[in-house]
Amino acid sequence: MTDHKTGIIVHGVGGLYRIRMEDGSTVTCKAKGVFRHEGMTPLAGDRVRIESGTGEDECRIAEILPRKNALIRPAMANLGVMFVVCAAKDPDPSLRFLDKMLCILEYQEIEPVLIVTKADLDSHRAEQLRTKYEQCGFTVFVTDSETKGEDSAIAAYLRRFDNSVIAAFCGASGTGKSTLLNRLFPALSLETGTLSEKIARGKHTTRAVSLFPLSEISDDSCHGYLADTPGFSMLDFERFDFFSLEDLPYTFREFIPYIGRCRYTKCTHTKEEGCAICEAVSEKKIPKSRHTSYLELYEALKEKKAWE
Ligand SMILES: Nc1nc2c(ncn2[C@@H]2O[C@H](COP(=O)(O)OP(=O)(O)OP(=O)(O)O)[C@@H](O)[C@H]2O)c(=O)[nH]1
Ligand SMILES: [Mg+2]
Ligand SMILES: [Zn+2]
């Protein structure tokens, strides 16, 4: 048995995983039964060790190397950058949904980058989103398939990646993730679809996470991996794993400079007198909608804590 081959899971469906090996070759295999017993599921982005037997069938994932992070939705591991895709219209943006995703990414130490798509449908709202999230300290790109907006700036951002970075595009279904990826990397020719096509199919257009080595889909100045993911619906999102109430304020990056400056050391930043965060909201230094999202997440986490 040779047991020293490692690679990265680029696709996994129905317990069958496609792995890109260090030498650039690809193998498809199952995972050893031991993972099922341990309740561990190999994820796209996982670095794994392969054990290969004599026949092709005997190749198995023997070990999942330590993860940097893992997300449930999209089901991925070892992400460095997540492009959160939000449409200016069709579907209408949900700030609660967006902020929750941003919190989870901050908590997992994945750099969130916001991409506002479909600016052709509502350029005013697209720019409002840009202003709001740039004020909070996020990198924001605005684009659309008509004008190609900041496509080249997104491509330039991707070009800064080193070999080890895994990045993905996530967001609600129909926001235009696959459309944008196809524009940036025509070699991908990903499936895209209109809302009515999706309803007719009863499914999202993109059905599983797929990781692409940037060196293969673009010129060799790009490195790392890029993933397209199936869009999530609101319902999926409710089931998202979450963190503790104490961690919540730290997942809002624009709150951080104010933490510790409130009158009461146990300030929950919800409505207390002398709360430095609430004050920053009233002075418009923090967008009100961000604080509203904070309050909603705070309530949800408080309830969860009460159940535990
Ligand atoms: N007007 C306009 N339509 C767009 C734009 N980008 C994408 N679309 C349309 O939006 C629909 C959904 O696009 P997709 O790229 O399939 O969306 P997705 O985010 O990959 O969706 P899932 O795979 O289901 O998660 C398609 O009909 C696209 O043609 C845009 O910038 N402007
Ligand atoms: Mg898609
Ligand atoms: Zn406070």
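Each ligand, and each atom within it, is numbered from 1 in the order the structure gives. Throughout, numbering of the chain's residues begins at 1 and tracks the sequence. None of these values were measured; they are calculated from a predicted model.
Not a single N or O atom of Thr117, backbone or side chain, sits closer than 3.5 Å to an N or O atom of ligand 1. Between Pro230 and ligand 1, no pair of N/O atoms sits closer than 3.5 Å. For ligand 1, one of its N or O atoms has an N or O atom of Ser145 under 3.5 Å away. Residue-to-ligand polar distances place Lys177 within reach of ligand 1: an N/O pair is separated by less than 3.5 Å. The shortest N or O to N or O distance between Glu191 and ligand 1 is not below 3.5 Å. Taking any N or O of Thr143, backbone or side chain, none lies under 3.5 Å from an N or O belonging to ligand 1. For ligand 1, one of its N or O atoms has an N or O atom of Gly174 under 3.5 Å away. Where the criterion is an N or O separation shorter than 3.5 Å, residue side chain and backbone included, Ala119 fails it with respect to ligand 1. Geometrically, ligand 1 and Lys118 share a nitrogen or oxygen pair separated by less than 3.5 Å.
Salt bridge annotation for Glu51-Lys32: present, with a cationic side-chain nitrogen under 4.0 angstrom from a carboxylate oxygen.
Listed by number with element, the atoms of ligand 1 under 4.0 Å from a non-hydrogen atom of Asp144 are 31 (O). Using a 4.0 Å cut-off to heavy atoms of Thr206, the atoms of ligand 1 that qualify are 23 (O). Which parts of ligand 1 touch Asp120 is read off a 4.0 Å heavy-atom cut-off, strictly below it: atoms 1 (N), 2 (C), 30 (C), 31 (O), 32 (N).
For the residue pair Glu191 / Thr206, no side-chain donor-acceptor distance below 3.5 Å is found, with atom types taken as modelled. Side-chain contact of Tyr225 with Asn78: a donor-acceptor pair under 3.5 Å is absent, judged by distance alone. For the residue pair Asp228/Ser178, the side-chain donor-acceptor check at 3.5 Å is satisfied. Under the 3.5 Å distance criterion, with hydrogens and angles disregarded, a donor-acceptor pair is assigned to the side chains of Glu272 and Thr268.
A donor-acceptor contact shorter than 3.5 Å is absent between the side chain of Asp99 and the backbone of Arg96.
If you run side-chain contact (heavy atoms from CB on, under 4.5 Å) between Ile115 and each of Asp151, Thr143, Val142, only Thr143 comes through. Partner Ile19 forms a side-chain contact (heavy atoms from CB on, under 4.5 Å) with one of Thr6, Ile61, Ile8, Thr26 and no other, that one being Ile61.
Between Phe141 and Tyr157, the gap from one ring centroid to the other is short of 6.0 Å. Aromatic pair Phe255/Tyr294: centroids less than 6.0 angstrom apart.
Under 4.0 Å from ligand 1, the heavy atoms of Leu121 that appear belong solely to its side chain.
Angle SG(Cys267) to the Zn ion (ligand 3) to SG(Cys262): 110° [nearest 10 degrees]. Of the angles at the Mg ion (ligand 2), the one spanning OG1 of Thr206 and OG of Ser178 is 90° when given to 10°.
Glu109 CD: 12 or fewer foreign heavy atoms inside a 6.0 Å radius.
Selection from Pro74, Pro91, Ala87, Gly193 by nearest heavy atom to atom 11 (C) of ligand 1 gives Gly193.
Of all N, O or S atoms in His269, the one lying closest to the Zn ion (ligand 3) is ND1.
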